[in-house]
**Student:** 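Before anything else, here's the structure in question.
For clarity, every value in this text was computed on a predicted model and none was experimentally measured.
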Amino acid sequence: IVFTNERGSELETLLSGRKLLDTGRRGKQFWLTLSGGLCLLMHFGMTGEIHVQGEKQNHYRKIDIDVGTVWPPRFTKFEMELTGKEFSAGVGNWIADEVLYQSRIHPQHLACSLDEQQTTTLLHQLKDVCNKAVEVNAESKLFPKDWLFHYRWSKGKGRQPAMPSGLRIEFVTVGGRTSAFVPELQPAPAAAKKRKAESDDE
């Protein structure tokens, strides 16, 4: 957890003397239930790790990121909030993109615009992508070779990202997050409507 000195001192005062009653986790969200009705909610961030300045890291699964002596380390600025409310873990960026790709749904489709078949496919792919990732303990090199995941990361490296078939991968910002998609397989909402209308007319 990364704080400025002032916020760190405030948190220390707030937590001092409280007992740890329970712990919990959903996705990258995890929390500590403390005495006095307080719950400390945190987020694992991109690395899925916690770094304590000056302390050796504990690893559930080793990743090759050298934090060096720079503080706070890159990719480890975790969000923190004190809350007693219920919350949802949500779906991470690459998982959302993979599920949409496997479902052949463009990231700009509104959920309310999906038909029954699309929603059924979306739910199936959400379960399937998550299950397959869990089966290999999130070891990305063991993910299925036809996944978008393997080919989306070349953005900004001087070459056009593409699937092995040659279909290009493009990026669009939706709701403040950047999504990768394959236009040929995931037509934009307007194009999808046009294709459906042409198909219905045939």
**Student:** Please name the pair of heavy atoms, one in Gln160 and one in Ile169, separated by the smallest distance, quoted to 0.1 Å.
**Tutor:**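 Closest approach of Gln160 to Ile169, heavy atoms only: NE2-O, 2.8 Å.
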
**Student:** Should Pro161 and Trp153 count as side-chain neighbours, where that means a heavy-atom distance under 4.5 Å?
**Tutor:**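 SC-SC contact between Pro161 and Trp153 ruled out.
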
**Student:** Are any of the side-chain heavy atoms of Thr23 and Thr33 separated by less than 4.5 Å?
**Tutor:**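 Of all side-chain heavy-atom pairs linking Thr33 with Thr23, none is under 4.5 Å.
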
**Student:** Enter the distance from Glu116:CD to Thr121:OG1 here, rounded to the nearest 0.5 Å.
**Tutor:**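 Answer rounded to 0.5 Å: 10.5 Å.
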
**Student:** Restricting to non-hydrogen atoms, name the atom on His106 and the atom on Pro189 that form the minimum distance, rounded to 0.1 Å.
**Tutor:**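 Minimum heavy-atom separation between His106 and Pro189: ND1-CD, 4.0 Å.
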
**Student:** Enter the distance from Glu170:CD to Arg152:CZ here, rounded to the nearest 0.5 Å.
**Tutor:**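 Result: 14.0 Å between the selected atoms.
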
**Student:** Is a side-chain N or O of Asn131 found less than 3.5 angstrom from the main chain of Lys127, in a donor-acceptor match?
**Tutor:**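 Yes, because the side chain of Asn131 sits within donor-acceptor range (under 3.5 Å) of the backbone of Lys127.
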
**Student:** For the backbone of Leu100 and the side chain of Arg104, can you confirm whether one donor and one acceptor N or O come within less than 3.5 Å of each other?
**Tutor:**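 Not confirmed, Arg104 side chain does not pair with Leu100 backbone.
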
**Student:** Do you know the tightest heavy-atom contact between His109 and Pro187?
**Tutor:**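 That would be NE2-O, 3.9 Å.
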
**Student:** List the atom pairs, donor and acceptor, that lie under 3.5 Å between side-chain atoms in residues 142-150 and the rest of the protein, sequence neighbours left out.
**Tutor:**
unit_1	atom_1	unit_2	atom_2	d
Lys145	NZ	Lys141	O	3.4
His150	NE2	Phe143	O	3.2
His150	NE2	Pro144	O	3.0

**Student:** I'd like to know if the side chain of Gln186 and the backbone of Ile105 have a donor-acceptor N/O pair within less than 3.5 Å.
**Tutor:**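 Yes, Gln186 side chain to Ile105 backbone: donor-acceptor pair under 3.5 Å.
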
**Student:** Between Asp115 and Gln117 (side chain of the first, backbone of the second, donor and acceptor by atom type, cut-off under 3.5 Å), is there such a pair?
**Tutor:**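 Answer holds: yes.
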
**Student:** Can a donor-acceptor pair be found, under 3.5 Å and without considering hydrogens, that links the side chain of Asp97 to the backbone of Ala180?
**Tutor:**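 Present.
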
**Student:** Under a 4.5 Å side-chain heavy-atom rule over Ile, Leu, Val, Met, Phe, Trp and Tyr, are Leu21 and Leu41 clustered together?
**Tutor:**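 Per the 4.5 Å side-chain linkage, Leu21 and Leu41 are not co-clustered.
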
**Student:** Step by step, work out the side-chain contact (heavy atoms from CB on, under 4.5 Å) result for Val182 and Met163.
**Tutor:** CA-CA 8 Å; Val182 178; Met163 300 299 289; 3.9 Å; yes

**Student:** First locate atom OG of Ser140, then atom CH2 of Trp94, and finally report the distance between them rounded to the nearest 0.5 Å.
**Tutor:**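 The distance works out to 8.5 Å.
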
**Student:** Return the OG1 to CG distance between Thr120 and Leu114, rounded to the nearest 0.5 Å.
**Tutor:**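 Interatomic distance, Thr120 OG1 to Leu114 CG, rounded to 0.5 Å: 10.5 Å.
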
**Student:** How is the hydrophobic cluster of Val174 composed, in terms of its other members, when Ile, Leu, Val, Met, Phe, Trp and Tyr link through side-chain heavy atoms under 4.5 Å apart, directly or indirectly?
**Tutor:**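 So far as hydrophobic clustering goes, Val174 is joined with Val172, Phe181.
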
**Student:** Walk me through it: do Leu34 and Asp22 pass the test side-chain contact (heavy atoms from CB on, under 4.5 Å)?
**Tutor:** CA-CA 7 Å; Leu34 307 169; Asp22 198 5; over 6 Å; no

**Student:** Mind running side-chain contact (heavy atoms from CB on, under 4.5 Å) on Ile95 and Val99 for me, showing each step along the way?
**Tutor:** CA-CA 6 Å; Ile95 295 178; Val99 170; 4.1 Å; yes

**Student:** Any non-hydrogen side-chain atom of Leu15 less than 4.5 Å from a side-chain atom of Leu32?
**Tutor:**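 Sidechains of Leu32 and Leu15: no contact.
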
**Student:** CD of Glu98 to SG of Cys130: how many Å apart, nearest 0.5 Å?
**Tutor:**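 Reported to 0.5 Å precision, the distance equals 10.5 Å.
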
**Student:** When you measure from the side chain of Ser16 to the backbone N and O of Thr13, does any donor-acceptor pair fall under 3.5 Å?
**Tutor:**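 Absent.
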
**Student:** In the structure I gave you, are the side-chain heavy atoms of Pro164 and Tyr151 within less than 4.5 Å of one another anywhere?
**Tutor:**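 Sidechains of Tyr151 and Pro164: in contact.
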
**Student:** For Met42 and Leu40: C-alpha separation, side-chain torsions, deciding distance, then whether side-chain contact (heavy atoms from CB on, under 4.5 Å) applies.
**Tutor:** CA-CA 7 Å; Met42 293 166 278; Leu40 177 63; 3.7 Å; yes

**Student:** So if you build clusters from Ile, Leu, Val, Met, Phe, Trp, Tyr with side-chain heavy-atom gaps below 4.5 Å, do Val136 and Val129 land together?
**Tutor:**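 Yes.
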
**Student:** Counting only heavy atoms not in Arg25 (residues, nucleotides, ligands), do more than 12 fall under 6.0 Å from its CZ?
**Tutor:**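 Result for CZ/Arg25: open.
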
**Student:** Tell me every residue that passes side chain to side chain donor-acceptor pair (under 3.5 Å) with Asn93, counting only those two or more places apart in sequence or in another chain.
**Tutor:**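 With sequence neighbours excluded, Asn93 shows a side chain to side chain donor-acceptor pair (under 3.5 Å) to Arg177, given in chain and number order.
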
**Student:** Measuring from Leu185:CG to Ser103:OG, what's the distance to the nearest 0.5 Å?
**Tutor:**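 One finds 12.0 Å between CG of Leu185 and OG of Ser103.
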
